[in-house]
Amino acid sequence: MNDKQLTGEVYYPSKDVIKHANAKCEKLYEEAEKNLEGFWEKEAKNLKWFKKWNKVLDDSEKPFYKWFVGGKTNIAYNCLDVHVETYRRNKLALIWEGEKGEFRSFSYFALRREVCRFSNILKSLGVKKGDRVTLYMGRIPELMIGMLACARIGAIHSVVYGGFSVEALHERLEDSQSKVLIVADGSYQRGKIVQLKQIADEALQRAATVESVLVVKRTGEDVYMEPGRDMWYHELMNLPIANNSCSVEQVDAEDPLFILYTSGTTGKPKAILHTHGGYMVGTYTTLKYVFDIHEDDRFWCAADPGWITGHSYIVYGPLLNGATSFMYEGAPTHPYPNRWWQMIEKYGINILYTAPTAIRGLMRYGEAWPNRHDLSSLRLLGSVGEPINPEAWKWYYRVIGKENCPIMDTWWQTETGMFMITPLPCTPLKPGSGTKPFPGLKMDIVDEDGKPVKTNEEGYLVIKTPWPAMMRTIYNDPDRYVQQYWSRFPGMYMTGDSAKRDEDGYYWIIGRVDDVIKVSGYRLGTAEIESALVSHPSIAEAAAIGLPHDVKGNAIHAFVILRVGYEKSDKLIEELRQHVGHEMGPIAKPEHIDFVDSLPKTRSGKIMRRVLKARALGLDPGNISTLEE
Ligand code: 7RM
């Protein structure tokens, strides 16, 4: 950035990287600093609007901020039609590889055709603007097609991660009042089949609003089809009604695009709501500058489309930029630990964006696996989901990037929709730090009273300026939106993370300060894990905490109190783990379960997980003046 000597271990980008970059660093920060609205307005103009906005930012009802007010657009139109009208028509929009090695690809033209055909099916089933559609499947192209088809007709998609199970799906179907569920018969994971349709059938018994279930054939296993409710996707797509032309719904910038459930401090997961206009401008711009997307790039975001990372940076961001998005269905180590490296070589991937847990997992197998492959197509690398430990960072940098590829460590959330703290390709890097807020954003680290802390002191990470891809509300629960994010520190958005800032202004994320646990980068709430445990007949009370884990980052540790008449045993532990897996999903299975006689609580009856965690780690529990015992 400038010639100032930076402290600590610093990795400088090469001249080539800087020259290639879309972002002319200092200039971009300066422009955005000088005129925030002007900065975003200029980016918005790169996209297609049916009607221009009258106002870039409306903060008259904050924290219910509005962006590009009065504008009319459609994100799916910008992802597909805009490119089909140009020479990009025959360029690949999506390359997909199945776990078993199958290959499928879609040009922009072909992807739009599939999306149009499916939009017509949805319309014929009575799906209208504003209706909710839930999608539940593995990483397959139909997930992308389904999301874009919803967006095209103005319906609101709600993707439920394919690793979730019965109760998690039920809760999300029920809360969103979805009319249609799009599900796959099953999915492949590490060579095994997950019976998604079967899980969905069980969830549907508990959820009443779903009228139609569209089943995508992936595994070809026999599945139950309920007459009058269940239909095969491929059969519908062969009907004359599934024709290639489907007009685009010209939606308001502030019309909802999707809801995505995420875990919060207490109780049920929250439905985070994003809109067409601001989210489009935010994801387009951040991907363009941070990952330096160019016309001929093949971008691989290895997350799952069921999480925000996949929404923003497998589906929307890459397509808005006219790049080629690569999607891989399966596990990184299947059938061998070189699977990822093999695909990078085979498809000539230019940018790889993944989570620290995946890096740590692959690191364990040693350098020989990646070294067997030509990874020279890689230009940039990325990390997301949790803090990356410097050891994993250096391995990623040296072994995968061959010391030529800067690592973009991007901090952001389901709620923020887009990268918030992130380097640009020209930023000097420090392993483990996401460096600085994206141009134009003002963030800070504050103490209990909302006052900025001193350099290198830990505090609450807050955001002080609005940004276009910010969540608009919690669907059907605006009060909770205000209370959860905007009331702890007036005028500031509370992220729920703690962090430090060093003498160079670089941010270092420490972790969640609330009851959210990040397991392998996946966001889970203690409340959901606990309620899954308590729904087992043997359990009276439960508390879940996250403890450090070498590969997963955090592992779930549960403490349970048995009901009278039940005995502790290893068999019961296994049964409880299976039960949580069945209700919530395999990622939520506790690593350890301890039987206890009581749990530390405050006088008002809240479980003090902090005390449990300190005890488990053999640390001082800190201030326990509110402890009831
Ligand atoms: C994108 C995503 C959000 C939480 C967030 C943090 C943690 C995400 C980083 C990170 C350190 C990072 N959305 N987090 N990225 N911590 N460095 N680069 O993960 O809604 O699922 O989770 O994830 O705690 O608050 S999320």
Side-chain angles (χ1 to χ4, degrees), residues 159-161 163-164 258-265 269-274 279 282-283 286-287 290-291 301-314 316-317 353-360 381-390 392-393 396 407-423 427 429-438 443 445 458 460-463 469-471 474 484-485 493-501 506-525 528 546 552-554 587-588:
V159 180
V160 177
Y161 169 54
F164 274 144
F258 65 83
I259 51 178
L260 184 58
Y261 286 85
T262 196
S263 306
T265 301
K270 307 168 279 189
I272 306 300
L273 184 124
H274 284 286
Y279 177 82
T283 52
T286 47
L287 188 64
V290 174
F291 282 108
C301 165
D304 194 282
W307 298 84
I308 191 67
T309 311
H311 278 59
S312 299
Y313 300 112
I314 297 178
Y316 293 112
Y353 181 39
T354 184
T357 185
I359 302 300
R360 291 192 296 261
L381 300 172
S383 174
V384 61
E386 52 172 329
I388 182 165
N389 43 310
W393 194 100
Y396 195 23
I407 299 176
M408 303 293 113
D409 180 355
T410 59
W411 178 95
W412 58 297
Q413 307 179 301
T414 310
E415 293 88 339
T416 69
M418 64 179 218
F419 308 145
M420 298 299 282
I421 298 175
T422 175
T427 308
L429 304 172
K430 300 188 189 187
S433 167
T435 76
K436 297 184 173 192
F438 188 79
M443 300 186 60
I445 298 167
E458 185 176 342
Y460 300 96
L461 181 68
V462 295
I463 308 173
M470 67 199 299
M471 70 183 289
I474 295 176
Q484 217 118 100
Y485 298 102
Y493 168 91
M494 191 183 71
T495 64
D497 279 19
S498 68
K500 290 181 190 177
R501 195 169 42 203
Y506 278 43
Y507 284 71
W508 300 78
I509 306 295
I510 296 161
R512 299 291 304 192
V513 284
D514 55 7
D515 298 326
V516 167
I517 310 177
K518 278 273 182 157
V519 182
S520 301
Y522 292 119
R523 178 164 161 181
L524 300 172
E528 297 152 87
K552 297 179 181 176
N554 294 289
I587 39 160

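All ligand and atom numbering here is 1-based and tracks the order in the structure.
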Item to check | Modelled atom types, side-chain donor and acceptor of Asp497 and Trp411, under 3.5 Å | outcome: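 Per modelled atom types, Asp497 and Trp411 side chains form a pair under 3.5 Å.
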Item to check | Tyr396 and Thr354: side chain donor to acceptor below 3.5 Å | outcome: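 Looking only at side-chain atoms, Thr354 and Tyr396 do not form any donor-acceptor pair under 3.5 Å.
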Checklist entry - Would Tyr313 and Phe291 count as a ring-ring contact (aromatic ring centres under 6.0 Å, His included) if you check the C-alpha gap in whole Å, the side-chain angles of each, and the deciding distance to 0.1 Å? => result CA-CA 10 Å; Tyr313 300 112; Phe291 282 108; 7.4 Å; no
Item to check | Residue from Tyr493, Tyr507, Phe438 passing side chain to side chain contact (heavy atoms under 4.5 Å, CB included) with Met443 | outcome: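 For Met443, the side chain to side chain contact (heavy atoms under 4.5 Å, CB included) check succeeds only for Tyr507.
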Checklist entry - Which of parallel (below 30°), tilted (30 to 60°) and perpendicular (above 60°) describes Tyr522 and Trp307? => result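 If you compare the ring of Tyr522 with that of Trp307, the planes turn out tilted.
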Next on the checklist: For Phe258 and His274, take the angle between the two ring planes, folded into 0 to 90°, and tell me which bin it lands in: parallel under 30, tilted 30 to 60, perpendicular over 60.
Outcome noted: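 Phe258 and His274: tilted rings.
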List ligand 1's nitrogen or oxygen atoms that come under 3.5 Å of a protein nitrogen or oxygen, with the partner atom and distance.
residue	atom	partner	partner atom	Å
ligand 1	14 (N)	Gly385	O	3.3
ligand 1	15 (N)	Gly385	N	3.1
ligand 1	17 (N)	Glu386	O	3.4
ligand 1	18 (N)	Asp409	OD1	2.7
ligand 1	18 (N)	Thr410	O	2.7
ligand 1	19 (O)	Lys518	NZ	2.8
ligand 1	20 (O)	Thr414	N	2.9
ligand 1	20 (O)	Thr414	OG1	2.5
ligand 1	20 (O)	Arg523	NH1	2.7
ligand 1	21 (O)	Lys518	NZ	3.2
ligand 1	22 (O)	Lys518	NZ	2.9
ligand 1	23 (O)	Gly385	O	3.4
ligand 1	23 (O)	Lys518	NZ	3.0
ligand 1	24 (O)	Asp497	OD1	3.0
ligand 1	24 (O)	Asp497	OD2	2.9
ligand 1	25 (O)	Gln413	NE2	2.9
ligand 1	25 (O)	Asp497	OD1	2.8
ligand 1	25 (O)	Asp497	OD2	3.2
ligand 1	25 (O)	Arg512	NH1	2.7

